[in-house]
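Side chains are part of it too, since the values below use all heavy atoms of this structure and drop only hydrogens, waters and symmetry mates. Numbering of residues begins at 1 and proceeds along the displayed sequence.
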Amino acid sequence: MSRTTKFYYWALICCCGATVCTMAFPWFSFDLSVMACYGFCVLPAIFVPMLLIAVFLVRNSFLRWEHILMELSLLFLPLCFIYYFLMWHVPNITGKINLQTSLRTALPAFWVALGLSIAMFLLYQCFWHSLKRQRKASAG
């Protein structure tokens, strides 16, 4: 692996770990002294994609089908976070989707997790294109 590819690889691993770490903090709350909804609530929905991401990063072979699964997993994370952002208060508190409520109650840890999940997708794109360029250079 070239230095650039290694940089993207390790940055991707760090972003993945940081995203998981943000789940230990409250993501949403009307009043932190009364109740907070932590990031771990979204863990069942993202367990399989995070497991796929971890397996592919450890294996480090990156075949074509693995690339497709990795991209789908990385796209699923921000979509899942946005869905949770819009729906977390619906079942027990408000009973309806309300963007203003979601925006008002989102805490910094949620925004950091969302930003990191988007950064993971972008870093993976850079990593994949760097890896493809490296493979073409070594083959040609």
Side-chain angles (χ1 to χ4, degrees):
M1 250 193 264
S2 70
R3 286 179 47 175
T4 306
T5 308
K6 281 184 184 180
F7 169 77
Y8 290 135
Y9 177 76
W10 286 106
L12 190 61
I13 288 174
C14 290
C15 274
C16 190
T19 302
V20 171
C21 289
T22 61
M23 292 181 187
F25 297 100
W27 279 15
F28 307 103
S29 178
F30 285 101
D31 181 7
L32 280 174
S33 62
V34 178
M35 186 224 40
C37 186
Y38 284 77
F40 287 119
C41 296
V42 78
L43 193 58
I46 65 164
F47 179 75
V48 171
M50 289 299 275
L51 186 65
L52 285 172
I53 291 167
V55 166
F56 294 148
L57 286 175
V58 169
R59 284 198 53 219
N60 200 10
S61 65
F62 297 102
L63 302 171
R64 185 73 176 153
W65 65 273
E66 289 175 337
H67 166 67
I68 293 168
L69 281 177
M70 184 77 157
E71 275 196 342
L72 289 174
S73 298
L74 288 169
L75 273 174
F76 183 76
L77 288 179
L79 292 176
C80 186
F81 291 167
I82 291 169
Y83 173 80
Y84 196 69
F85 165 74
L86 292 172
M87 300 295 288
W88 81 271
H89 54 83
V90 172
N92 300 323
I93 301 170
T94 62
K96 61 182 178 174
I97 296 175
N98 187 340
L99 185 61
Q100 288 179 341
T101 302
S102 296
L103 287 170
R104 191 177 66 235
T105 59
L107 298 173
F110 167 76
W111 297 112
V112 169
L114 182 62
L116 285 170
S117 67
I118 293 169
M120 281 188 342
F121 179 75
L122 296 174
L123 279 168
Y124 182 72
Q125 296 305 312
C126 294
F127 171 75
W128 180 254
H129 290 295
S130 175
L131 195 62
K132 277 182 20 181
R133 272 195 310 272
Q134 184 181 345
R135 286 179 180 171
K136 280 184 183 179
S138 66

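By the criterion of side-chain heavy atoms lying less than 4.5 angstrom apart, applied directly or through intervening Ile, Leu, Val, Met, Phe, Trp or Tyr residues, Ile53 is grouped together with Tyr124 in one hydrophobic cluster. Leu116 is not connected to Ile118 by any chain of hydrophobic side-chain contacts under 4.5 Å among Ile, Leu, Val, Met, Phe, Trp and Tyr, and they are in different clusters. Residue Phe40 is not grouped with residue Val112 when hydrophobic side chains (ILVMFWY) are merged at heavy-atom distances under 4.5 angstrom, including chains of intermediate members.
Shown here are the side chain to side chain contact (heavy atoms under 4.5 Å, CB included) partners of Leu69, two or more places apart in sequence or in another chain: Phe56, Trp65. Residues passing the ring pair (Phe, Tyr, Trp, His ring centres under 6.0 Å) test with Trp111 are Phe85, sequence neighbours excluded. For Pro26, the side chain to side chain contact (heavy atoms under 4.5 Å, CB included) test picks out Leu32, Ala36, Tyr38, Leu107, with sequence neighbours left out. Checked against side chain to side chain contact (heavy atoms under 4.5 Å, CB included), Ala54 has no partners two or more places apart in sequence or in another chain. Evaluation of the side chain to side chain contact (heavy atoms under 4.5 Å, CB included) rule for Ser117 yields Leu77, Pro78, Phe81, Leu114 as partners, not counting sequence neighbours. Evaluation of the side chain to side chain donor-acceptor pair (under 3.5 Å) rule for Ser130 yields Thr5 as partners, not counting sequence neighbours. Under the rule for a ring pair (Phe, Tyr, Trp, His ring centres under 6.0 Å), Phe25 has no partner lying at least two apart in sequence or in another chain.
The shortest distance between side-chain heavy atoms of Tyr84 and Phe28 falls below 4.5 Å. Side-chain contact between Tyr8 and Leu131: absent, with no pair of heavy atoms (C-beta onward) separated by less than 4.5 Å. Two residues are said to be in side-chain contact when any heavy atoms from C-beta on lie closer than 4.5 Å; Tyr9 and Leu123 fail this criterion. Contact annotation: the side chain of Thr4 never approaches that of Gln134 to less than 4.5 Å [non-hydrogen atoms, C-beta and beyond]. The closest side-chain heavy-atom distance from Trp128 to Glu71 is not below 4.5 Å.
Of the N and O atoms on the side chains of Thr105 and His89, not one donor lies less than 3.5 Å from an acceptor on the other residue.
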Phe76 and Val48: CA distance, side-chain angles, deciding distance, side-chain contact (heavy atoms from CB on, under 4.5 Å) verdict: CA-CA 10 Å; Phe76 183 76; Val48 171; over 6 Å; no
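Annotation: the span from Arg104 atom CZ to Leu99 atom CG amounts to 11.0 Å, rounded to 0.5 Å. In this structure, the separation between SG on Cys41 and CG on Leu43 is 9.5 Å, given to the nearest 0.5 Å. Taking CE from Met87 and NZ from Lys96, the interatomic distance works out to 13.5 Å, rounded to the nearest 0.5 Å. Atoms CZ and SG, from Phe110 and Cys37 in turn, are 11.0 Å apart once rounded to the nearest 0.5 Å. The distance from the OG atom of Ser73 to the CG atom of Leu52 is 4.0 Å, given to the nearest 0.5 Å.
Listed by chain and number, the hydrophobic cluster partners of Leu79 come to none, as no ILVMFWY side chain reaches under 4.5 Å of it. Side-chain contacts under 4.5 Å among hydrophobic residues (ILVMFWY), followed directly or transitively, place Ile68 together with Leu72.
The number of heavy-atom neighbours closer than 6.0 Å to OH of Tyr83, taken from other residues, nucleotides and ligands shown, is 12 or below.
Under the 3.5 Å distance criterion, the side-chain polar atoms of Ser102 are matched with a main-chain donor or acceptor of Asn98.
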Residues 10-24, side-chain donor-acceptor partners within the protein, below 3.5 Å, at least two apart:
| unit_1 | atom_1 | unit_2 | atom_2 | d |
| --- | --- | --- | --- | --- |
| Thr19 | OG1 | Cys15 | O | 2.8 |
| Thr22 | OG1 | Thr19 | O | 2.6 |

